[in-house]
Participant: 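What follows is a structure written as structure tokens; I'll ask about it next.
Given the structure is predicted, the values throughout are model-derived calculations rather than measurements.
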Amino acid sequence: MSELNNYQNPTEGQELTNWQKIDQMEADIARKLPKKKRSGGMKFRKLFGDTVGQTVLTILAIIWVIPLFYLFVQSFRAEPGAWSPTFFPQTWTLDNYKRLFTETPFMQWYGNTLLIAVCSCIITALFVLAVAYVFSRMKFKARKPMMNVMLVLGMFPGFMSMSAVYFLLKILLPDNYQSHLSLIIVYSAGAALSYYIAKGFFDTVPKSLDEAARIDGASRFRTFYKIVLPLSKSIIIYTILTSFISPWCDYIFVSYIMAGVPDTGMYTVSLGMYKWLEREMIQQYFTTFCAAAVIVATPITILFMWLQKYYVEGVTGGAVKG
């Protein structure tokens, strides 16, 4: 106890309480103890692990970027043909882009793809958000079985049902089954099967907000539209992005449904550009194909990078609860 009397308040000169003195003693003892130094082996292992990890990621990034960079530089190549003896063009030109817009129906394909992607995106986003909200907020007898069945069906890739979808379209649209409307139906019909990410996000929104709105007389739709959706910006953007990218980049369904269509103006960019890679046309259109690929990839890349923050928030927020 005599050592405690040596501790006083350094600012006011008043005697500290015993507990304050004990705290100061413990702090002094901790400062006097020799600090533990990390062994050289641990430092080396940490440095080695970080170096190896960054090296592997750098190599993978380079491998991933090389084909994209090659595609970009080939779009400026003046030499015709699909093969070039050098990685970089021997003569640089913008003629491939000029030809793309003046001598090919690329802009018509681009407009077709944009129309299909936007319409499918709107319908899909509405379906997904509505179904996710119902499963998150409403309790009914068949809720669990329906969720399980839809989750299992959503695990199967869509192209497994291509044959059945094709014949269903011929029955539903006998005179117009090879059309843009058919593609919009195909991309939107099974949208509700992807409800689980949005449902997980809606589960994180407090249900007390819904209850308060119901007490004030708001309907289910008004509660969803006026209260829940304004709080769900990230999951809305995530749903819109994923709904837009799928029809924008799809080739499998387009090639199957639009097979044999004589009017090339009905094509989407993926189908039309693929025709340029066929044996009869690749020597003539390869550099034009590279220019078209750059034009197609640029807007979706910019859009994704611009909305990346909300995309990550939507994925992580939807993964909190299942």
Participant: Looking only at non-hydrogen atoms, find the nearest pair between K199 and A132 and report the distance.
Facilitator: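 Closest approach of K199 to A132, heavy atoms only: N-CB, 3.4 Å.
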Participant: To the closest 0.5 Å, what do you measure between OG (S246) and CG (L241)?
Facilitator: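 Here the interatomic distance stands at 12.5 Å.
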Participant: Assign the ring pair Y97 / F76 to parallel, tilted or perpendicular, where the plane angle (0 to 90°) is split at 30° and 60°.
Facilitator: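 Plane angle between 30° and 60°, so tilted.
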Participant: I'd like to check T93 versus K98 (side-chain heavy atoms, cut-off strictly below 4.5 Å). Are they in contact?
Facilitator: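 Sidechains of K98 and T93: no contact.
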Participant: Show your working on side chain to side chain contact (heavy atoms under 4.5 Å, CB included) between W109 and T104 and close with a plain yes or no.
Facilitator: CA-CA 10 Å; W109 300 344; T104 68; 5.7 Å; no
Participant: Check whether any side-chain heavy atom of V269 sits under 4.5 Å from a side-chain heavy atom of Y251, and report yes or no.
Facilitator: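 They are not in side-chain contact.
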Participant: Taking S219 for its side chain and R222 for its backbone only, find out whether a donor-acceptor pair lies under 3.5 Å.
Facilitator: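 Flag set: sc S219 to bb R222 pair under 3.5 Å.
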Participant: Mind checking whether I185 and V128 sit in one hydrophobic cluster, side chains of I, L, V, M, F, W, Y counted as touching below 4.5 Å?
Facilitator: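 Not linked; separate clusters.
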Participant: Might you point out which heavy atoms bring V152 and F156 nearest each other, and give the distance in Å?
Facilitator: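 For V152 versus F156, the nearest heavy atoms are O-CD1, 3.3 Å.
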Participant: Do the rings of F224 and F202 sit parallel, tilted or perpendicular, given the 30° and 60° boundaries?
Facilitator: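 Rings of F224 and F202: perpendicular, as their planes differ by over 60°.
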Participant: If you look at every heavy atom in A213 and T223, which pair is closest and at what distance?
Facilitator: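 That closest heavy-atom pairing would be CB-OG1, 3.7 Å.
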Participant: Looking just at side-chain N and O atoms, do N96 and T287 make a donor-acceptor pair shorter than 3.5 Å?
Facilitator: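 Side-chain D/A pair, N96 to T287: present.
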Participant: Atom CZ of residue position F167 - does it have more than 12 heavy atoms of other residues, nucleotides or ligands inside 6.0 Å?
Facilitator: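 No, because the 6.0 Å sphere around CZ of F167 holds 12 heavy atoms or fewer from other groups.
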Participant: Just checking, is any N or O donor in the side chain of D203 or S136 under 3.5 Å from an acceptor N or O on the other one?
Facilitator: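 Yes.
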Participant: Tell me whether the count of non-hydrogen atoms from other residues, nucleotides or ligands lying under 6.0 Å of OH in Y70 goes above 12.
Facilitator: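 Buried by this count: over 12 neighbours within 6.0 Å.
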Participant: Are I282 and W83 connected in the hydrophobic side-chain network, where two residues link if heavy atoms are under 4.5 Å apart?
Facilitator: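 As far as the 4.5 Å side-chain criterion goes, W83 and I282 are not connected within one cluster.
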Participant: Within 45 degrees of the axis of the six-membered ring of Y285 and under 6.0 Å from its centre: does R99 put its NZ or CZ there?
Facilitator: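 Pair R99/Y285 counts as cation-pi.
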Participant: Looking at F201 versus Y238, is the centre-to-centre ring distance below 6.0 Å?
Facilitator: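 When the ring centroids of F201 and Y238 are compared, they turn out to be at least 6.0 Å apart.
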Participant: Counting heavy atoms not belonging to F127, are there more than 12 under 6.0 Å from its CZ?
Facilitator: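 It does not: F127 CZ has 12 such atoms or fewer within range.
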Participant: Could you tell me how the ring of Y256 sits relative to the ring of Y166: parallel (under 30°), tilted (30 to 60°) or perpendicular (over 60°)?
Facilitator: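 Perpendicular: the ring planes of Y256 and Y166 meet at over 60°.
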Participant: Does the pair R77 and F286 meet the rule for a side chain to side chain contact (heavy atoms under 4.5 Å, CB included), with working shown?
Facilitator: CA-CA 10 Å; R77 178 160 61 89; F286 179 75; 3.6 Å; yes
Participant: Can you tell if the side chain of R137 reaches within under 4.5 Å of the side chain of R220, non-hydrogen atoms only?
Facilitator: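 Side chain of R137 against side chain of R220, heavy atoms only: contact under 4.5 Å found.
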Participant: Charged N to carboxylate O below 4.0 Å: is that the case for R214 and D210?
Facilitator: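 Answer for the salt bridge query: no.
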Participant: If you count the non-hydrogen atoms of other residues, nucleotides and ligands that lie under 6.0 Å from CH2 in W92, is the total more than 12?
Facilitator: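 Yes, the 6.0 Å shell around CH2 holds more than 12 heavy atoms from other groups.
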Participant: Of the non-hydrogen atoms in L209 and V205, which two are nearest, and what is the gap between them?
Facilitator: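 For L209 and V205, the tightest heavy-atom pair comes out as CD1-CG1, 4.3 Å.
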Participant: Less than 4.5 Å apart, side chain to side chain, heavy atoms only: is that true for S270 and D250?
Facilitator: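 Answer no - side chains too far apart.
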Participant: Is there a continuous path of hydrophobic side-chain contacts, each under 4.5 Å between heavy atoms, that joins L126 to V186?
Facilitator: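 Yes.
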Participant: Hey, quick one: are I302 and L114 part of the same hydrophobic cluster, counting side-chain heavy atoms closer than 4.5 Å, chains of contacts allowed?
Facilitator: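 Unlinked, I302 and L114 end up in two clusters.
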Participant: More than 12 foreign heavy atoms under 6.0 Å from CE of M138: is that the case here?
Facilitator: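 Enclosed.
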Participant: Between L229 and Y133, does the side chain to side chain contact (heavy atoms under 4.5 Å, CB included) criterion hold? Intermediate values first, please.
Facilitator: CA-CA 10 Å; L229 284 186; Y133 178 76; over 6 Å; no
Participant: Do C119 and L115 have side chains that get closer than 4.5 Å, going by heavy atoms?
Facilitator: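 Heavy-atom side-chain distance check passes, below 4.5 Å.
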Participant: To the nearest 0.5 Å, tell me how far Y177 OH sits from L172 CG.
Facilitator: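 Answer for the OH-CG pair, Y177 versus L172, is 13.5 Å.
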Participant: Rounded at 0.5 Å granularity, tell me how far CD1 in I240 sits from CG in L129.
Facilitator: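 Separation between the atoms: 7.5 Å.
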Participant: How long is the span from the CE atom in M258 to the NE2 atom in H180, to the nearest 0.5 Å?
Facilitator: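 If I round to the nearest 0.5 Å, the distance is 5.0 Å.
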Participant: For K275, check salt bridge (charged side-chain N to carboxylate O under 4.0 Å, His left out) against everything at least two apart and list the hits.
Facilitator: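 Listed in chain order: E278.
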Participant: What is the minimum heavy-atom distance between V294 and S75, and which atoms define it?
Facilitator: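 The answer is CG2-OG, 4.2 Å.
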Participant: Could you go step by step and tell me if M273 and L277 meet the side chain to side chain contact (heavy atoms under 4.5 Å, CB included) rule?
Facilitator: CA-CA 7 Å; M273 290 169 58; L277 297 181; over 6 Å; no
Participant: Any chance you could measure M266, atom CE, to L183, atom CG, to the nearest 0.5 Å?
Facilitator: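 Going from the CE atom of M266 to the CG atom of L183 covers 8.0 Å.
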Participant: Take a 6.0 Å sphere around OH of Y274 and say whether it holds more than 12 heavy atoms from other residues, nucleotides or ligands.
Facilitator: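 Counting neighbours around OH of Y274, 12 or fewer heavy atoms of other residues, nucleotides or ligands fall under 6.0 Å, so no.
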Participant: Between S194, C121, S188, which is the residue that forms a side chain to side chain contact (heavy atoms under 4.5 Å, CB included) with S243?
Facilitator: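 By the side chain to side chain contact (heavy atoms under 4.5 Å, CB included) criterion, S243 pairs with just one of S194, C121, S188: C121.
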Participant: Taking the inter-plane angle between the rings of W248 and Y110 on a 0 to 90° scale, is it parallel (under 30°), tilted (30 to 60°) or perpendicular (over 60°)?
Facilitator: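 Perpendicular, since the angle between the ring planes exceeds 60°.
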Participant: Measure up the Y187 and F253 rings against each other and bin them: parallel (under 30°), tilted (30 to 60°), perpendicular (over 60°).
Facilitator: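 Ring orientation, 0 to 90° scale: perpendicular.
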Participant: Do any N or O atoms from the side chain of S179 and from the backbone of N176 form a donor-acceptor pair under 3.5 angstrom?
Facilitator: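 Such a contact is found between S179 side chain and N176 backbone.
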Participant: To the closest 0.5 Å, what do you measure between CG (L94) and CG (L100)?
Facilitator: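 Taking CG in L94 and CG in L100, the distance rounds to 12.0 Å.
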Participant: Side chains of V134 and F140: does their closest heavy-atom pair fall under 4.5 Å?
Facilitator: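 Counting from C-beta outward, V134 and F140 do come under 4.5 Å.
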Participant: Which atom pair, heavy atoms only, marks the closest approach of T113 to P247?
Facilitator: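 Shortest heavy-atom contact: CG2-O, 4.4 Å.
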Participant: Is it the case that atom NZ in K139 sees more than 12 heavy atoms from other parts of the structure closer than 6.0 Å?
Facilitator: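 Yes, NZ of K139 has more than 12 neighbouring heavy atoms, counting only those of other groups under 6.0 Å.
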Participant: Check whether Q74 reaches the backbone of F87 with its side chain - one donor and one acceptor, N or O, closer than 3.5 Å.
Facilitator: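 Checking the backbone N and O of F87 against the side chain of Q74, a donor-acceptor pair under 3.5 Å is found.
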Participant: I'd like to know if the side chain of N112 reaches the main chain of T268, judged simply by a donor and an acceptor atom lying under 3.5 Å from each other, with no hydrogens or angles considered.
Facilitator: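 Side chain of N112 to backbone of T268: no pair is present.
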Participant: Taking a hydrophobic cluster as the set of Ile, Leu, Val, Met, Phe, Trp and Tyr residues connected by side-chain heavy atoms closer than 4.5 Å, whether directly or through intermediates, do V118 and Y267 fall within one such cluster?
Facilitator: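 Yes: a chain of side-chain contacts under 4.5 Å links V118 to Y267.
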Participant: Does R143 use its side chain to pair, donor to acceptor, with the backbone of F135 at less than 3.5 Å?
Facilitator: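 Checked: pair present.
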Participant: Would you confirm whether R279, through its side chain, and Q283, through its main-chain N or O, come within 3.5 Å as a donor-acceptor pair?
Facilitator: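 Flag not set: sc R279 to bb Q283 has no pair under 3.5 Å.
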